[in-house]
Asks: 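My structure is below; once you've seen it, I'll send some questions.
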Amino acid sequence: MRIGVFICHCGSNIAGTVDCPKVAAKALTYPDVVFSTDTMYACSEPGQDGIIAAVKEQQLDGVVVASCTPRMHEQTFRRAVERAGLNRYMFEMANIREHVSWIGKIMEDNTIKAQELVRMAVEKLRRNRPLIPKRFETVKRVLVIGGGVAGIQAALDCADGGQEVVLIEREQSIGGKMAKLDKTFPTVDCSSCVLGPKMVDIAQHPKITLYACAEVESVGGYVGNFHITIRRKATYVDWNVCNGCGLCLEKCPSHKHPDPFNENLCTAPSINIPFPQAIPKKAAINPQSCLKLTQGKCGICATVCPLKCIDYEQKDELVDVDVGAVIVATGYDLFDWHKYPQYGQGRYPDIITSMQYERLLSASGPTGGQIKRPSDGKEPKNIVFIQCVGSRDRSVDRPYCSGFCCMYTAKQAILTKDHLPDSQSFVFYMDIRSPGKLYDEFTRRAMEEYGAHYVRGRVSMIYPQDDKLLVRGADTLAGTQVEVQADLVVLAVGAEAAAGAAQLGEKLRVCPDQYGFFVESHPKLKPVETNTAGVYLAGACQGPKDIPASVSQGSAAAAKVLGLLSKKELESDPAVARVNQPRCVGCGKCIQTCPFGAIKEVADRFGNPKAEVIDTVCQGCGICTVTCPQGAIQLEHFTDNQILAEVQALCPPKIFANYE
Amino acid sequence: MKYITKKNLLRLTEELSSVYRVLAPVAQGGTVTFRRFHPGMTLDMHSRMAAVSAKMATLPQTESLLLVQRVEENKKPELTETLPQGKTLVMGARPCDARGKLLLDPVFITEKIRDQHFIHRRENSIFITLACDQPETTCFCHSVGSGPADTAGSDILLTLVGEGYVAQAISDQGQEIVTHSFFEDAQDRGQQAQAKHGHALELMGQAHDYSSAPAKILERFDDMDFWEVQSAKCISCGACTYMCPTCYCFNITDNDLGLTSQRIRTWDNCMSHTFTLEASGHNPRPTKAHRLKNRVGHKFSYYPDLYGGIMACCGCGRCIKQCPTGVDIRQIVNAAQEYAQ
Amino acid sequence: MAKIAYYPGCSGLGTSVEYDSSTRAVCRALQVDLVDVEDWSCCGSSPAHTVNHVLSAALSARNLAQVEGMGLDQVATPCPSCLTNLRTAAHKMAHQDFRDQVNALLDIPCRTNVETKSVLQVFDEQVDPQLILSKVVNPLTGIKIACYYGCIMNRPPVLMRFDDHENPMAMDRLMCALGAEVLPFPLKVECCGASYGIPRGDIVARLSGKLLDAARRLGADCLVTACPLCQMNLDLRQGQINRALGENFQMPVFYYTQLMGYALGLDRTELGLNKLCVDPHRVLGKIKQPVPVK
Amino acid sequence: MSPQNIRELRIVGFLCNWCSYGGADTAGVGRFVQPTDLRIIRVPCSGRIDPLFIVRAFMNGADGVLVSGCHPRDCHYAEGNFYARRRLEMLKRFLPITGIDNRRFEYTWVSASEGQRWQHVVTEFTRGIHTLGPAPSFNPVSETEWNKLAVQASEGQGCPCHG
Amino acid sequence: MSPLDDLKTAIKSRLGELDCVIGWEQGYDQLHATPLFIRSEADLDRLVIGPLAVHNLATYLPGLRGKKVGIIVKGCDSRSVIQLLNENLITRDDLVVFGLCCSGVVSHRKIRAALPVDPGFVEAVDLSTDTLSITASGQTTILHMADIAADKCQICQYPNALIADVLVGSPQESKVLTTLACQEEFEAKSEAEKFAFWQETMSRCIRCYACRNACPMCVCRDFCISTSRDPLWLGQENTPGENMMFQLIHVSHLTGRCTECGECERACPVDIPLLLLRRYMNKQVQDVFEHRAGTALEQTPPLLTFKVEEEGIKERGW
């Protein structure tokens, strides 16, 4: 074997504390190393060209680059050696930046360590062999989970790009949080006027299949070939027939149940269509409150329905779909502000959330767009907005900024003035975070043109006085305590991970971060990919986002999916397990432990049971390799011999001239 | 004939250990094996026959053949042949050990091939042998041309008489050693020794006649049913071959350790599946029946065919005694000899 | 019920003697077996810890050691100040270093295995509510009450570990059980001005005045407290407050044990109602007499 | 004492690619200074780590071995670290009977974001190994050692039960 | 009828449907038994059972896969059969188990140690319930069974076959003792002492692999990683380190699978106390997973499964 070694200076990032020429010189003494050099930036164009030239001139059949972490540039260099005519797996990296130069201060120690890491890489490379990916076809269909604005955008973009789309939504209608909003910042345009047409497009697009009231039951398969089972929850209405006429809603005698679409500010009938623009516009029965389903009596809706589509016997239904890629757009939930004792924990009806306020502002809301406070229906005069309720607060385990609360509070202050010209808004804030196109201008308008009184400080308590609420807080700029007599208090609640995200994450093998939001593949360079190939993220499920950011990410995820499915075939990573059949005794331990069902039992030509790996299903974890006592199943590129060679490079066995 | 007390024999062994690499039966953890002797150790010549034979005197379990080293200044690896150094003396071998040693000669020293490592050890080793005064139920040396007081391959033959040994020098080198002042004249103890030899042989009973074995075993060569029955209880381990004074098969392995590499020779084991495993994956001896057939056939048929009728067995019985499942090579050869068509 | 050591605190012997005597009477009636801490001394009260943490803790620890010496593992005190000091001492002494420093000052080392509770907590956690109900002879029907806990009864929560620190309910429940109408007093844990009574009467007037005002706006007939200092600020200084704020509050301020004793029909002299500065009789007169059972 | 004056000991790390290797990278990006003894072997998953790799490292003279994977439930391969936990725990418990001090082996979980935790783990583990000093070599290192071993063996007590 | 006669009758009735039945017969002398493969009624006459029938015959089963086999098992051996079944290495339908109620077997090593000179030339052996008398080289020695019983028998918890199509003999009680003094004594040694012990002991190992091949759970057999080059786990050189490494490979692969039959130690021609390692590992397995290999059908070996929350594992925080 002829190995070339390239030691990267990474400017002064490595060379600052590692003697790169010395490392390169030492590498020449390693077995099979025929060429070694140091280079300023191995990943730069001249750096890569240098590698390619050396491969050709020196007839190298393997390359070691000692530079940054392979998590950064392994792919870059693999492509480079491929351009030079080598197999991409005839390449190894030694991480002498993150693991050496950046964490050790002493040049001498670092240099020795770098030399040893290069030696390890050389020993591993000596045992590498070219690996050829298998090619497989993909299912040209996309699953989008979640019908909020991010999911809608992703579904439409995928469908417009020519792929079939299955969009599933847990609630009765798509639209998500945005459908509940009155106006959007910073343009103050009507939210449903912006979103509505897109929702209609979903319903009408020939390539989109929409399942509302549906959740992911199970996920099998792998990129290009996922097998999804969807649970369609019983709605007790035959949606194939229902035309959304709404007669049943009017006649339903049981309408005491809080209306979740209106944030429980009012009640809804037990058979309901959540809002006039709902997509699909179909009625569904709430089995918790329906008299027929809970007590067995009533049945009025079935009587009045002109199309006879009520079916009290309906059961959940499981639907199987095969898809090539999955976009997760499950959104977020609002922080439960009851964790704060100082806001009365629900004792005072006139303390509401920003989303409830949004419904009060909305013309389609419970008050028809009139701002009336819940306790007595009076129009408020003094309205206090409290920001950072469940954001940037370690005490409730929400140290992160939810990002959009500053903006929607400003919007609500502006709308308040529009609705009630005599009103006065007070905003308690910690900092104003308004980076975004026209955002800061917008908050300034709220203060300067609409006269919202911004107080920098937290609220320590709210208590009722007569029919008002006394809001006491600190004004940290004035250094005083302030008390405001409020008629209504609006809490700008932050975003948190959606309920059920963890369970969905387990099914999709997408990790949650410490707060429950899904983790992207790389925070900067792969913001919509996940560590599971073929699964992408869009919108606030990955972290709090406002509408334009969610829409952008929806489009970005769609672009990724379209790119993936535009290929006729996909390549599977050839670094998968491989069975050395003569060694296999057919005990099936590997089959038992494989988390992916990627190993099956086959019979050899004598009828003996043997294990066989399904290349495209195998994810390359190597659990099986450790399970197999005879080492018959080896994970390619991380074989026992390759890892043992690394161990032995670090801990060489003693050699004796005489064993007697 | 000379005589040496037990105490003086230990002192002699200690003295010799400064000149020779002395191998002697030493007790450890309930067993006795031949080990490198150092002053301070005690000899255990009698409690039992050493579990492992003295074969390692001429064919060690592991020996280095070559060393390959890379050094910083010079890119080219340096290659060194590692020939054995010094002389070896085996103290307290049994006659079967000494005879076993002789059976390796025709293999390692031929007209075409002269194994330098073996020859060096063979020419630089001395065997001080202890005649057996009591056979074991597994012993059959008298059936393979040897006996409890066989002198073949020995330089000195010791016979336990009273609290010491009668020493009979066999070779010139042996003669030189018995001139040491620790030795006294044997006087009439010589006769007592002779009587002991006779008594031991008598206890062994009638010797078995193996002369028909080579042909009879060959007759069974293709009869795998026969071998499957014979090998049924064999578990394919290497206890028999590693204990055996006459098994000489070896393996050569290159240990690629990167900066330093080594070529070593180690005992191989014909009971192992890997013994004749070919690079293609094919194995001409895929089952334990094939392999046991080879072992028995080699000792009692193929070897005698090649080397003038001598069995490649010294009758020490270690393979029987140490076999975890009691496979008895005598029974297998008998079965072949007595096989009725 | 097991015996509980009783730490009256210095106020109990002086300004709040009626709190002490009514507490003892109610406990007796509810079969809470109090035993006075032998040879008790000052808890360190409010100011000691501002000077020296170890000495302050030692004052309390001495009392805890006394309780240990009595073979008891619980001590109850009516006074939230005492409660704070005793619990703080034990809390800090959980750290070995601190405990060693404190014990070095004591004749008898304190092992800190005594738990200090407020008498209110004992009533809330250890007395069967049915027992209280069964003992009520004069239900407080007809009066509206605002329960005022003071700022330190339940705070800091990590130290007190009792009731909701922002919206405590123990006293509310108790008064409810006695038949009174308990109003949702929003300023239950607000500061009354505390020790500013002497140096800065204006602060007490403002803060306590706000409490009285909130109670009056709610329509309360009286305030009920569990703290000698709060009671003093609200009751003794009510005239000063009226003068400073130009108000005319006539709001009786009871210790909750006084109202308990009243409801349980205990000896009026033990309840010390005559010790209150704002005459309570107008309010007590509003209590509807129970209709005799035929 | 400055680190140059302490001879480095041989510490081998086995890190899963997805979490702990990333955590070590994060520590590097954060410039969290660590002792230089550790050499990291990158494996796809802690489930790929055969306890025998660790045994092999010890038999070849490693002074310490540190294994780190994703936190339980966070495995990129869903279950790898659950298997790893069982395997590694058994190794950790088994080592004492062989005479290898099991403080020389630790396994832990570090996520890709826990750069500071990684620094802490490496620093503490390295300090622990330095406290224990160099590990004894199973094979004798010199002719004299061989001889000594032979003499000791002849005097060796064997199994406590059987002489 | 004696248990042996019962057994013979039972085997006779099943022999017709089986390729062979594995039992024991007398070996090269009266003190040693050897495995017997019964293929005919004539072979059956040679069958022996009792304290000299030491071998765990389950070792042969994986090699006879595909054949219909009968096997005679002691209580301890039956655990190996169960474990092999649980690991899908043998087929229950192809197996007829003749179970014994066993009162213990001898340790030949202990017999040797109990005699002044190795009993090489055994002339006669006489067995009674409690004693074994050996005449060797003209001298007769009477040994008490209690003194020469195998270690495993002194702490035997499963004297009666746990799986059997036919069970012969009267059931025996399990032993009160559950730990061996020698084991505890060894475990109590310092790490340095244990290290030195293994260094010394492994210096006499000749790596014949008798321990491995005698082990009923070593099912890799011809494909053991100790003799392969891919993967290359073990050097061929005979050094204490490589010898120890092999033992550690063996123990590692037996984690949660070892049925503690003791065949490894019994097979060792140079008397290495290998069970010190295996018993210790088994104890750890039991402590952490409450698992004893081969004591129940349908058990999953603990390393082939996991729990999300491991009650038995206390993770060390940093």
Side-chain angles (χ1 to χ4, degrees), chain A residues 123 126-127 129 502 506 578-595 599 601 603-604 606-611 622-636 638-648 651-660, chain E residues 61-63 65-66 83-91 203 206-207 212 215 217-246 248-258 298-306 308:
Chain A
E123 288 298 334
R126 292 177 73 208
R127 286 151 184 89
R129 64 183 198 99
E506 276 182 30
R578 179 178 54 91
V579 179
N580 178 352
Q581 279 211 345
R583 292 191 74 80
C584 174
V585 300
C587 64
K589 292 187 175 80
C590 52
I591 299 174
Q592 207 174 335
T593 52
C594 176
I599 310 171
E601 188 180 299
D604 70 1
F606 306 108
N608 299 314
K610 300 282 175 184
I623 294 173
C624 55
T625 307
V626 185
T627 308
C628 179
Q630 63 269 33
I633 187 162
Q634 290 287 334
L635 176 61
E636 289 283 15
F638 292 97
T639 63
D640 283 351
N641 278 4
Q642 286 169 326
I643 298 173
L644 282 166
E646 292 178 274
V647 173
Q648 298 222 348
C651 311
K654 299 274 182 316
I655 293 206
F656 299 91
N658 181 356
Y659 288 89
E660 295 153 56
Chain E
L61 292 179
R65 215 177 176 181
Q83 186 64 21
L84 287 168
L85 285 168
N86 286 346
E87 290 187 33
N88 192 26
L89 293 159
I90 54 175
T91 315
S203 70
I206 52 167
R207 207 121 52 87
R212 176 190 79 189
C215 173
M217 299 319 301
C218 271
V219 292
C220 309
R221 293 290 151 85
D222 293 345
F223 299 100
C224 177
I225 57 165
S226 59
T227 47
S228 71
R229 303 229 5 122
D230 188 7
L232 177 55
W233 277 96
L234 203 60
Q236 293 306 299
E237 62 274 22
N238 187 264
T239 60
E242 292 306 284
N243 296 343
M244 184 67 176
M245 184 69 200
F246 171 69
L248 300 177
I249 290 173
H250 196 181
V251 176
S252 172
H253 286 176
L254 281 173
T255 308
R257 303 173 60 236
C258 173
E298 314 289 329
Q299 282 174 322
T300 305
L303 294 196
L304 297 187
T305 181
F306 63 84
V308 174

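The structure displayed is predicted, hence computed values, not measured ones.
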Asks: About how many Å separate SG of A/Cys587 and CD1 of E/Ile90, when rounded to the nearest 0.5 Å?
Replies: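 Between atom CD1 of E/Ile90 and atom SG of A/Cys587 there are 13.5 Å.
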Asks: How long is the straight-line distance from CD of A/Gln630 back to NE2 of E/His253, given to the nearest 0.5 Å?
Replies: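 That separation rounds to 8.5 Å.
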Asks: With a 4.5 Å limit on heavy-atom distance, are the side chains of E/Ser228 and A/Arg583 in contact?
Replies: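 Side chain of E/Ser228 against side chain of A/Arg583, heavy atoms only: contact under 4.5 Å found.
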Asks: Checking heavy atoms, do the side chain of A/Thr639, its backbone, both or neither come under 4.5 Å from chain E?
Replies: neither
Asks: Using non-hydrogen atoms only, which part of A/Pro653 is less than 4.5 Å away from chain E: side chain, backbone, both, or neither?
Replies: neither
Asks: For chain E, find which of A/Val585, A/Leu644, A/Thr593 contributes the most heavy-atom pairs closer than 4.5 angstrom.
Replies: A/Leu644
Asks: Using a 3.5 Å distance criterion without hydrogens, assess whether the side chain of E/Asn88 forms a donor-acceptor pair with backbone atoms of A/Lys589.
Replies: no
Asks: For A/Gly631 and E/Pro231, work out which heavy atoms get closest and say how close.
Replies: O-CD, 3.7 Å
Asks: At a heavy-atom separation under 4.5 Å, does E/Arg229 approach chain A through its side chain, its backbone, both, or neither?
Replies: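 Only the backbone of E/Arg229 comes within 4.5 Å of chain A.
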Asks: Between E/Asp222, E/Asp230, E/Leu89, E/Thr239, who has the most heavy-atom pairs with chain A when the cutoff is under 4.5 Å?
Replies: E/Asp230
Asks: Can you confirm whether E/Asn238 sits close enough to A/Tyr659 that some side-chain heavy atom of one is under 4.5 Å from a side-chain heavy atom of the other?
Replies: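 A side-chain contact under 4.5 Å is absent here.
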Asks: When heavy-atom pairs shorter than 4.5 Å are enumerated against chain A, which of E/Arg221, E/Arg257, E/Glu242 gives the highest number?
Replies: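 Maximum pair count with chain A is reached by E/Arg257.
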Asks: Taking atom CD of E/Glu87 and atom CD of A/Gln592, what is their separation to the nearest 0.5 Å?
Replies: 8.5 Å
